[in-house]
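To start, the structure itself, in structure tokens.
Because only heavy atoms are used, hydrogens play no part in the values below, and waters and symmetry mates are left out as well, while side chains stay in. Just so we're on the same page: letters track the sequence lines, and every chain starts at 1.
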Amino acid sequence: MRLEIDGRVVAAQEGQTILEAARAAGIAIPSLCDHPGLAPFGGCRLCLVEVRGSKAFLPSCAVRAEEGMTVATNTPRLRDLRRRILELILSEHPYACLVCAEKDACDDMKSTIRKVGETTGCVLCPSNGRCELQRVCAEVGLDAVTLPAAYRNRDVRRDDPFFDRDPNSCILCGRCVRVCDEVRGAAVLAFFERGPETEVGTAFGRTLLDAGCQFCGACVDVCPTASLVERGSRPDLRPDRTARTVCPLCGHGCELVVELRDGRVQAARPSASGSANGGQACVRGRFVIRELAAGPGRLTQPLVRKGGVLEPVGWDEALDFAAGGLRRFRPEEVVFLGGGQVALEDAVLLAEFDRRFHGGAQRGGTPPAPGNAVVRFDRAEIAAAGTVILFGLDLPVTHPIAWLEAVRAGRRGAALAVVDTGCVPPLRREALRVRIKAQDAAGLLAAILSAVSGEKASASPRPPDLAALFDLAAKRPPAVLLYDAGLLLPRRVEGRSGALRVIPLLGAVNANGLRLAGVREAEDGSGATAKAVLSLGRLPAADVRRGEFAVAVRCFQDGDEAVDAVLPAASFLERSGTYVNLEGRVLKFDRVLDPPGQAKPDGWILAELAGRLGIEGLRASTEAALAELECPTKEDSVAGGVSAPVLRPLAAETELDHYRGLDLERAVKGLRAVRAARRRRTGGGR
Amino acid sequence: MNAPALLDRDGLASLRDGLQAEARRKGATIAVCGGTGCHAYDCGQVARALQAEAESRCPGVRVLVTGCHGFCERGPIVLIGPEGVFYQRVKPEDAAEIVQETVLNGRVVDRLVYRDSVSERPAVHVREISFYGKQTRLIFGNNGRLDPTDIRDYIALDGYRALSNALGEMTPESVIAEVERSGLRGRGGAGFPTARKWRAGRAAAGSPKYVVCNADEGDPGAYMDRSLLEGNPHAVIEGMAIGAYAIGAREGVVYVRNEYPLAVANARLAIEEARRLGLLGPSVLGSGFAFDLRIFQGAGAFVSGEETSLLASIEGRRAFPRPRPPYPTESGLWGRPTVINNVETWATVPAVIGRGAARFAEVGTEGSKGTKIFSLVGNVNNSGLVEVPMGITLREIVFDIGGGIKDGKRFKAIQTGGPSGGCLPASLLDLPVDYESLAAAGSIMGSGGLIVMDEDACMVEVAHYFLHFTRQESCGKCAPCRVGTRHMHEILARICQGGGREEDLAKLEELADTVRSGSLCGLGHTAPNPVLTTLRYFRDEYERHVRDKACPAGVCKALIEFRIDPNRCVGCGLCAKACPVGAIRGGPKQAHVIEQDLCTKCGACLSACPSKIGAVLRLTGRERETA
């Protein structure tokens with residue numbers, strides 16, 4: 001469609017607002033409360049425009065463009081009104097610096113930086129330089145505020161992990177409140193009081209922790225001022241560069257932008273362009289990555305066990321030691337284990353190493369081991385569902401991005417049902433909750449899967465405990481059931497019967513990649529009988545493993561395991577690579593930092609080790625593995641019955657919050673608090 | 001109830017015929033006003049006494065507790081039918097005499113008869129009372145004739161006949177066309193043409209559709225919607241059913257503020273009764289048209305009366321307004337097409353359909369048809385609820401109906417339309433009351449509040465008072481209203497405190513324009529009206545406050561002081577006795593002195609000093625220097 005804005009004919013798409021159409025055409029309209037991905041609010045009133053035929057000024061962020069509309073965005077009357085409205089907004093905000101004539105010189109002149117309790121001006125504000133008020137002041141051309149300052153003088157809330165809340169900087173644009181409700185489905189933040197007393201807060205003024213916040217940080221990222229700001233942000237410590245990466249801390253693989261200064265990660269934010277996460281992340285990506293990058297116990301040199309104690313040695317000695325150790329066993333006594341946070345490139349290499357070590361041929365289209373089928377789905381299917389069933393999953397914690405799709409479905413009117421094994425706290429707007437015993441979960445799921453797989457559809461009656469669930473699903477089709485893939489490993493991993501779609505959610509970022517590469521995971525139980533283990537992931541627990549020799553390739557020292565050699569690997573920030581996430585999306589990431597000390601990429605370590613075991617020229621390409629991902633008949637080729645249920649603990653979060661030897665919950669105090677608060681809501685301790 | 005379980009159209013007609021015949025047979029009735037005002041005068045006792053008396057002396061006579069009669073100043077009110085004898089300020093002990101004299105012997109009890117506030121002439125019947133004389137009680141009249149808790153009373157007064165006719169003889173389009181011909185405009189404030197709203201609701205795609213009744217009357221002092229819902233809930237239900245039929249809605253919601261418990265109870269009961277008779281439900285009057293209603297109790301925020309916030313509130317969200325378009329007719333409750341009208345509009349619909357658009361349109365002006373109910377309060381002799389034809393002048397309302405200003409004082413201003421209405425001066429008393437005229441004068445019809453102020457009102461203080469209200473009731477969503485009303489209020493407070501500056505008046509005007517032009521909803525659009533109109537009509541008072549630090553009305557405490565003229569003071573000591581803080585010194589037969597440091601400026605000394613002595617002076621501005 002076409003409309004006229006400021007005398008120009010502008011093309012607009014159906015459903016676009018005037019603001020979007022204008023900006024697409026390069027016509028600037030200032031705004032503060034508008035934000036992509038959030039429903040129009042119309043609160044800041046800066047984007048008011050004149051529309052022919054309308055007596056009142058209309059907020060261009062909220063009014064849809066229409067064919068033939070005539071819009072004026074920049075008349076003298078509008079410019080004047082905008083200046084006056086902005087003055088009103090600024091009168092509630094520490095504004096002195098914003099309209100100071102000397103502000104450009106100030107950054108150069110200021111000599112010291114003091115730690116101040118409250119933000120009183122831009123110079124000492126953590127958002128200085130990225131504050132949207134600064135940008136809008138320039139756009140509107142405001143150089144003086146003729147109203148008395150109406151400073152709120154409220155306490156800054158510093159009693160929560162990761163970020164502070166400063167109500168004195170708040171302009172009440174409502175972005176945080178809206179993202180918390182509309183996008184994250186949490187509604188922890190809300191408006192309270194009325195008139196000039198209006199403020200953003202939590203019910204009964206509780207801490208965010210007590211109010212159920214999961215610290216996804218979405219509110220911090222949409223805040224235009226410094227009202228919500230990550231702790232430790234300082235105006236004098238601007239990042240010197242930014243880089244893109246992929247978060248390895250759950251099955252989604254959120255694309256992140258990390259901010260670096262002097263080779264250190266200062267912050268990580270969700271990238272707006274990430275296909276796996278659509279501009280969102282969770283506490284892990286948003287706040288934990290930063291602490292992980294500087295994490296305690298980072299391995300910087302190889303360690304080998306000498307006289308019962310792990311001692312640092314050089315690479316040559318460590319590799320010789322490891323190779324020598326493995327050589328003591330017959331090949332069938334040695335098992336190679338991958339890990340869900342290892343890149344696809346290294347997983348493929350490991351698989352090749354495994355095959356050749358065990359006397360196999362060079363790789364060429366070997367099918368993956370049975371039971372290791374790839375999972376593929378599009379998370380938009382969840383958003384389109386009429387019923388979303390969470391089977392034994394605390395989805396907002398285990399799979400936060402999938403949860404956003406469930407929220408989206410809920411906003412469209414879908415019903416949310418929970419099959420609770422005791423690990424799911426009350427969720428907002430849940431329509432039905434069925435409580436089952438944890439030990440019955442795998443059996444019930446197997447029954448559902450066989451019912452929907454169509455093999456014995458008529459023969460298998462619906463599990464009686466779940467009758468209400470099936471009734472709901474039948475009433476509000478289509479229904480999607482999400483469960484933790486770790487709970488049950490059927491050979492055919494997806495099911496669909498009539499309106500019910502069953503989707504297993506993988507827990508590790510590259511679990512699909514491992515399956516494509518044909519690598520075994522510790523969870524397979526295959527390590528339990530081996531005598532020697534080379535693992536890039538978790539090791540089977542010592543009391544399960546009957547082994548005599550273990551080599552671990554990892555990034556962090558995990559103190560309480562009996563390992564004979566620890567080889568320090570480069571982390572995901574220190575190398576490039578590929579993950580195939582839980583949806584089957586291929587996610588590439590680049591090297592952001594140099595590995596610390598002597599840490600090396602997994603591939604280098606595997607090749608060196610293989611060389612010392614007489615396997616030369618170890619190399620493999622990801623092409624074959626990725627080609628399999630593209631193969632549409634894959635699903636059918638692995639069709640078969642449901643394998644024997646593999647029961648695992650349902651508290652998936654305890655496995656989720658790890659990265660290659662680092663227990664994040666133990667290492668990151670804030671995360672520990674968040675998880676503990678969540679467990680309190682579930683009613684369970686740890 | 002001995003009525004058939006579910007009525008069809010014929011059943012309704014025969015029930016009505018039966019009830020009307022019965023009413024004619026029975027003859028005398030004793031109607032006790034049970035409105036909120038009379039409740040405050042304990043009308044319940046009066047009703048019980050009359051009931052007991054009638055039962056023993058004349059069992060055929062019906063005693064009914066009705067809705068508000070409007071003349072709240074004179075409650076408790078008792079009306080003896082069918083002659084319409086009007087008794088005011090009735091006490092329970094009057095019951096025996098009323099029954100004996102008036103009901104049984106047909107004589108008037110002089111003591112209870114209303115005497116005109118101006119002429120002092122007694123007025124025995126309703127029609128002789130000047131308060132009622134200039135009213136046209138098209139919508140409100142039935143309030144005094146029926147027991148709101150008994151649906152049969154409403155049916156006997158031709159209730160639900162309009163709905164029956166609409167369902168049986170009219171198409172939805174013809175209902176809308178009839179409403180359009182009537183010229184009915186929304187009574188909630190903005191005066192949007194009702195038919196145009198309904199037509200938009202009917203044309204909108206999406207289902208289900210909803211009708212909503214806005215009974216969140218938030219203006220302080222306004223209570224016409226309350227009285228309608230309390231006194232004649234079936235008129236609202238019938239109007240909503242007709243509207244629902246016209247737009248194709250099956251469900252309706254009545255949003256009542258929680259502070260109106262009687263309205264909630266009566267509306268709830270009325271809905272149940274209507275449902276039981278098949279006037280609501282899966283097939284209204286057997287027509288196949290399905291419609292039902294539920295009540296939603298609001299938690300009480302002024303802004304909830306704004307239609308989009310009201311809808312948000314029903315949805316369980318914070319009562320924030322949202323930008324329009326899209327209008328509720330397109331995307332309203334739960335995102336579905338919704339027609340939302342206020343109580344009075346819905347209650348007017350049966351009159352429009354039942355009596356015909358042409359008869360309705362005979363009343364009123366070119367642009368504003370029919371009648372409007374106002375709550376007439378303030379310094380006026382006859383306060384209460386009045387229903388007047390559109391186009392009546394303010395003077396007629398204040399002086400003919402309202403009986404003029406109390407205590408013989410001079411009229412100073414009248415504020416129309418609630419806390420965000422404008423204050424109009426005496427020079428505009430001949431302004432016809434209609435949407436356009438009020439808007440041109442800088443005020444609004446609003447939902448119908450009329451506050452009369454006498455010469456003792458300080459117009460700066462009045463503006464300050466109302467801005468305090470809107471500042472507190474601003475929802476906080478949009479910056480101009482949230483922050484602008486705050487700054488306006490603070491400037492006004494400063495002026496009243498004596499800190500006014502010359503540039504304040506221009507700043508007030510600028511802020512008023514920002515708030516009015518920039519705000520999101522009607523609250524902000526109208527909030528500056530009290531300031532703008534007082535600046536327009538009473539600018540000299542502002543100037544005296546700012547320049548002379550004087551409050552001509554003697555209201556703003558910071559600008560006045562009390563002194564005792566030693567030449568006049570006879571030393572009686574009455575002022576010293578009256579002073580609550582002991583600020584007055586002086587012995588017998590000595591001239592007294594007020595210690596200014598202690599004085600709280602309550603004015604008790606001024607009232608206490610005998611007027612023939614007049615020694616206490618209230619001074620302001622330069623008077624303080626020269627005195």
Side-chain angles (χ1 to χ4, degrees), chain A residues 17 32-33 39-48 50-51 54-64 66 77-78 80-93 146-150 171-174 177 181 187 190-200 411-413 429, chain B residues 190 300-304 308-309 316-326 330-331 334-336 467-491 494 503 506-507 510-525 527:
Chain A
T17 63
L32 281 169
C33 65
F41 188 63
C44 77
R45 315 304 288 171
L46 288 175
C47 72
L48 289 180
E50 292 171 17
V51 176
S54 169
K55 275 186 284 181
F57 299 106
L58 295 179
S60 57
C61 67
V63 179
R64 298 210 184 284
E66 281 170 27
R77 171 90 172 111
L78 278 173
D80 183 42
L81 186 61
R82 242 176 234 147
R83 262 197 302 273
R84 285 189 269 134
I85 292 170
L86 185 57
E87 266 194 71
L88 287 171
I89 294 172
L90 293 191
S91 74
E92 288 191 320
H93 183 92
T146 59
L147 296 162
I171 56 164
L172 297 167
C173 66
V177 172
D181 174 21
F191 286 100
F192 293 90
E193 303 296 336
R194 285 198 291 249
E197 315 305 320
T198 308
E199 65 177 315
V200 170
R411 289 182 68 79
R412 281 185 31 257
R429 297 200 181 114
Chain B
F302 183 62
V303 76
S304 303
T308 58
S309 356
R317 295 183 286 120
R318 179 181 168 93
F320 262 168
R322 60 154 180 80
R324 302 173 303 178
E330 193 186 323
S331 174
W334 311 113
R336 312 284 183 211
L467 260 290
H468 179 71
F469 179 86
T470 40
R471 165 196 163 130
Q472 283 198 312
E473 291 297 337
S474 165
C475 76
K477 179 174 181 177
C478 82
C481 178
R482 178 185 74 239
V483 198
T485 54
R486 171 203 186 130
H487 283 292
M488 289 174 76
H489 175 249
E490 280 166 10
I491 292 174
R494 194 157 42 70
E503 65 269 24
K507 193 71 194 174
E510 184 195 284
L511 279 165
D513 177 67
T514 314
V515 175
R516 185 168 59 175
S517 315
S519 292
L520 170 53
C521 81
L523 198 166
H525 292 157

Exercise: identify the closest heavy-atom pair between [X] and [Y]:
X      : Y      : result
A:L172 : B:G476 : CD1-O, 4.4 Å
B:R324 : A:L58  : O-CD2, 4.0 Å
B:S517 : A:F57  : O-CD1, 3.4 Å
A:S91  : B:V483 : OG-CG1, 3.4 Å
B:R471 : A:P196 : O-CD, 3.3 Å
A:I89  : B:A479 : CG1-CB, 3.4 Å

Please flag which part of [X] lies under 4.5 Å from any non-hydrogen atom of chain B: side chain, backbone, both or neither.
X      : value
A:L48  : side chain
A:R77  : side chain
A:A62  : both
A:P40  : neither
A:E199 : neither
A:T146 : both

Among B:H487, B:Q472, B:E490, which has the most heavy-atom pairs under 4.5 Å with chain A?
B:H487

Between B:P326, B:S474, B:G335, which residue shows the highest count of heavy-atom pairs closer than 4.5 Å to chain A?
B:S474

Side-chain contact, heavy-atom cut-off 4.5 Å: A:L147 with B:K507?
yes

Heavy-atom distance under 4.5 Å between the side chains of B:P480 and A:R84, does that happen here?
no

Looking at A:S54, A:C173, A:A150, which one has more heavy-atom pairs under 4.5 Å with chain B than the rest?
A:A150

Pick from A:G195, A:C61, A:P59, A:G413: which one has the most heavy-atom pairs with chain B under 4.5 Å?
A:G195

Sort B:I491 into side chain, backbone, both or neither according to what part of it lies under 4.5 angstrom from a heavy atom of chain A.
neither

Is it the backbone or the side chain of B:T470 that comes under 4.5 Å from a heavy atom of chain A, or both, or neither?
neither

If I take atom [atom1] from residue [X] and atom [atom2] from residue [Y], how far apart are they, to the nearest 0.5 angstrom?
X      : Y      : atom1 : atom2 : result
B:T514 : A:L86  : OG1   : CG    : 12.0 Å
A:T198 : B:R318 : OG1   : CZ    : 5.5 Å
A:K55  : B:H525 : NZ    : NE2   : 11.5 Å
A:D80  : B:E510 : CG    : CD    : 7.0 Å
A:E92  : B:R482 : CD    : CZ    : 4.5 Å

Could you tell me whether A:R64 atom CZ has more than 12 heavy atoms of other residues or ligands within 6.0 Å of it?
no

Say whether, by atom type as modelled, one donor and one acceptor occur between the side chain of A:R194 and the main chain of B:E473 under 3.5 angstrom.
no

Flag, side chain of B:K477 to backbone of A:F41, donor-acceptor distance under 3.5 Å:
yes

